[in-house]
Peer 1: 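Have a look at this one before I ask anything.
Whatever order the structure lists them in is the order used to number ligands and atoms, beginning at 1.
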Amino acid sequence: MKKKFLCTLISVVMTTAMLAGCGGGAKPTDAPAESKTESTKETDTADQTKTETKEEDAKESGESIVVGFSQVGAESDWRTANTSSMKSTFTEENGYTLLFDDAQQKQENQIKAVRNFIQQDVDYIVIAPVTETGWDTVLKEAQDAGIPVIIVDRMVDVSDDSLYTAWVGSNFLQEGYDAADWLAQYLDKQGRGSEEINIVTLQGTIGASAQIGRTNGVEERMKDHTNWKMLERQTGEFTQARGQEVMESFLKSYDDIDVVIAENDNMAFGAIDAIKAAGKTCGPNGDIIIVSFDAVAAAFDSMIAGDMNVSVECNPLHGPRVAELIQKLEKGETVDKIAYVEEGVYPADTAEAKKPTREY
Ligand code: AHR
């Protein structure tokens, strides 16, 4: 399965090659641009792969396992942590050559990248899909080329699940349930369990598993809370800048918002800025309750600062998980088709104690 791989040749052949930075913070928006493909060699010791033996063999024999990874973009702190986990796992030292492609949140760029990986005859294709649908054709092309495809983070919705080998990621529906359950308990504790509660939601990219699961999870739980009213839902595209813009428009339309559900931390940060700019307050001692997802480091800072009430975890450290799947496949072992990551719920009153234990 492993192929000898000449990095220099690949850098020349990949005509769209532009170096996409991996260490910086999340960009406020993803500019509409062509996808960026790079052959990467960066290492980051924070996130070690567990596949030393096989990798040592690959290193000694001068071969590496070639992995083409199509990443969603760089829209959030979560995504930056995810990219970093992948890049620090799929290193030359660990026996891999990683072809990394940043799709700028556009599925068409992902499809181009996957076709490029097929042309390069990589050993494995890994995709973090922007949205769930629209994958059948290109995945069939990968299957026909005999290249195993691993889906990571968000899911694909395909007519034939043999089109991918395995998926690893979060249970986004459960995250939605967890957020709603936390809110119900919190309101009860505040003596507001029977009060009419006005909610607005900043949704993620429409059609992405993280949006679908979280929206549906909250919606299902709302059936048990007839006093909760969803005033409006709008997408903030998982970015801070859009989150802020959408929240500004919500604040102009409604003067009685009790709860903001932000389907990721970066949109919550944008919403908090908008709330403060409108002269309102939020967080445990404020006017508006902020419920968020991801639990990135900056969300803990926001909770410690008293701005955010809770963040439901979404774990981005998928590099070692994908490497484990690849190593098993290399040995001819079977792998779980679907693997969910365990995740927690972090309310503001636990933030100070938990922050030092967080890895992203
Ligand atoms: O698919 C995971 C989601 O994508 C994270 O919640 C979000 O921050 C990211 O953009």
Side-chain angles (χ1 to χ4, degrees), residues 22 24-30 69-86 102-107 109-110 126-133 135 150-157 167-179 201-218 235-244 246 260-272 290-300 302 308 310-319 321-322 339-341 343-346 358 360:
C22 81
K27 294 189 299 184
T29 57
D30 262 341
F69 175 42
S70 171
Q71 174 62 293
V72 167
E75 72 282 3
S76 63
D77 287 17
W78 187 99
R79 190 62 56 194
T80 303
N82 178 247
T83 293
S84 175
S85 174
M86 296 295 281
D102 175 340
Q104 308 278 306
Q105 292 227 73
K106 286 181 178 294
Q107 190 188 38
N109 288 340
Q110 294 204 286
V126 180
I127 307 171
V130 177
T131 48
E132 291 192 349
T133 55
W135 291 101
I150 295 169
I151 309 293
V152 65
D153 166 29
R154 303 174 188 173
M155 232 315 176
V156 289
D157 180 3
W167 171 85
V168 61
S170 301
N171 188 335
F172 298 111
L173 184 67
Q174 186 59 51
E175 291 176 358
Y177 293 150
D178 289 346
T201 299
L202 296 164
Q203 294 177 289
T205 304
I206 301 300
S209 309
Q211 175 273 310
I212 296 169
R214 291 166 187 170
T215 299
N216 290 349
V218 171
T235 182
E237 303 289 350
F238 284 125
T239 70
Q240 187 157 336
R242 282 293 296 146
Q244 182 167 347
V246 175
V260 174
I261 298 179
E263 288 182 355
N264 82 346
D265 286 334
N266 287 82
M267 291 191 294
F269 304 149
I272 290 165
I290 307 287
V291 178
S292 184
F293 296 86
D294 285 355
V296 296
F300 283 80
S302 178
M308 185 186 283
V310 66
S311 192
V312 176
E313 186 179 33
C314 181
N315 189 308
L317 305 179
H318 293 313
R321 299 179 185 120
V322 175
Y340 290 110
V341 174
E343 293 167 336
V345 176
Y346 296 96
R358 305 294 296 162
Y360 54 92

Peer 1: Among side-chain atoms of S209 and E132, is any donor-acceptor pair under 3.5 angstrom?
Peer 2: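 Yes, side-chain donor-acceptor contact under 3.5 Å.
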Peer 1: Just to confirm my output: which protein heavy-atom neighbour is closest to atom 6 (O) of ligand 1, and how far is it?
Peer 2: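 It is D294 OD1, 2.5 Å.
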Peer 1: Show the nearest heavy-atom pair for residues F238 and Q211, with the distance to one decimal.
Peer 2: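 Heavy atoms of F238 and Q211 come nearest at CZ-N, 4.1 Å.
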Peer 1: Going by the order shown, which atoms of ligand 1 are within less than 4.0 Å of some heavy atom of S76?
Peer 2: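 The list of qualifying atoms is 7 (C), 8 (O), 9 (C), 10 (O).
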Peer 1: Is any N or O atom of E263, backbone or side chain, closer than 3.5 Å to an N or O atom of ligand 1?
Peer 2: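 No: no nitrogen or oxygen of E263 is under 3.5 Å from one in ligand 1.
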Peer 1: If the cut-off is 4.0 Å to any non-hydrogen atom of N264, which atoms of ligand 1 fall inside it?
Peer 2: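 Atoms satisfying the 4.0 Å criterion: 6 (O), 7 (C), 8 (O).
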Peer 1: Which residue supplies the protein heavy atom nearest to atom 2 (C) of ligand 1, what is that atom called, and how far is it?
Peer 2: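 Closest protein heavy atom to atom 2 (C) of ligand 1: D153 OD1, 3.3 Å.
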Peer 1: Any nitrogen or oxygen of R214 lying under 3.5 Å from a nitrogen or oxygen in ligand 1? Just yes or no.
Peer 2: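 Among all N and O atoms of R214, at least one is under 3.5 Å from an N or O of ligand 1.
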Peer 1: Do the side chains of R214 and I261 get nearer than 4.5 Å, heavy atoms only?
Peer 2: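 Answer no - side chains too far apart.
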Peer 1: Scan M267, M308, E263 and name whichever one has a side-chain contact (heavy atoms from CB on, under 4.5 Å) with S292.
Peer 2: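 For S292, the side-chain contact (heavy atoms from CB on, under 4.5 Å) check succeeds only for M308.
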Peer 1: Quick test: of every protein heavy atom, which one is nearest to atom 4 (O) of ligand 1, and how far off is it to 0.1 Å?
Peer 2: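 Heavy-atom neighbour on the protein nearest atom 4 (O) of ligand 1: R154 NH2, 2.8 Å.
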Peer 1: Check each heavy atom of E237 against ligand 1 and say whether those closer than 4.0 Å belong to the side chain, the backbone, both or neither.
Peer 2: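 Answer for E237: neither.
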Peer 1: Got a sec, which residues hit ring pair (Phe, Tyr, Trp, His ring centres under 6.0 Å) with Y346, two or more places apart in sequence or on another chain?
Peer 2: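 Here the qualifying residues are F300.
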Peer 1: Among all protein non-hydrogen atoms, which one is nearest to atom 10 (O) of ligand 1, and what is the separation to 0.1 Å?
Peer 2: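 Residue, atom and distance for the closest contact: E75 OE2, 2.4 Å.
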Peer 1: For W135 versus V156, what's the shortest heavy-atom pair and its separation?
Peer 2: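 In this case the closest contact between W135 and V156 is CD1-CG1, 3.4 Å.
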Peer 1: For E175 and ligand 1, answer yes if some heavy atom of the residue is under 4.0 Å from a ligand atom, otherwise no.
Peer 2: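 The answer is no: ligand 1 sits nowhere under 4.0 Å from a heavy atom of E175.
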Peer 1: Tell me, please, which residues at least two apart from F269 pass ring pair (Phe, Tyr, Trp, His ring centres under 6.0 Å).
Peer 2: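 F269: no ring pair (Phe, Tyr, Trp, His ring centres under 6.0 Å) contacts found.
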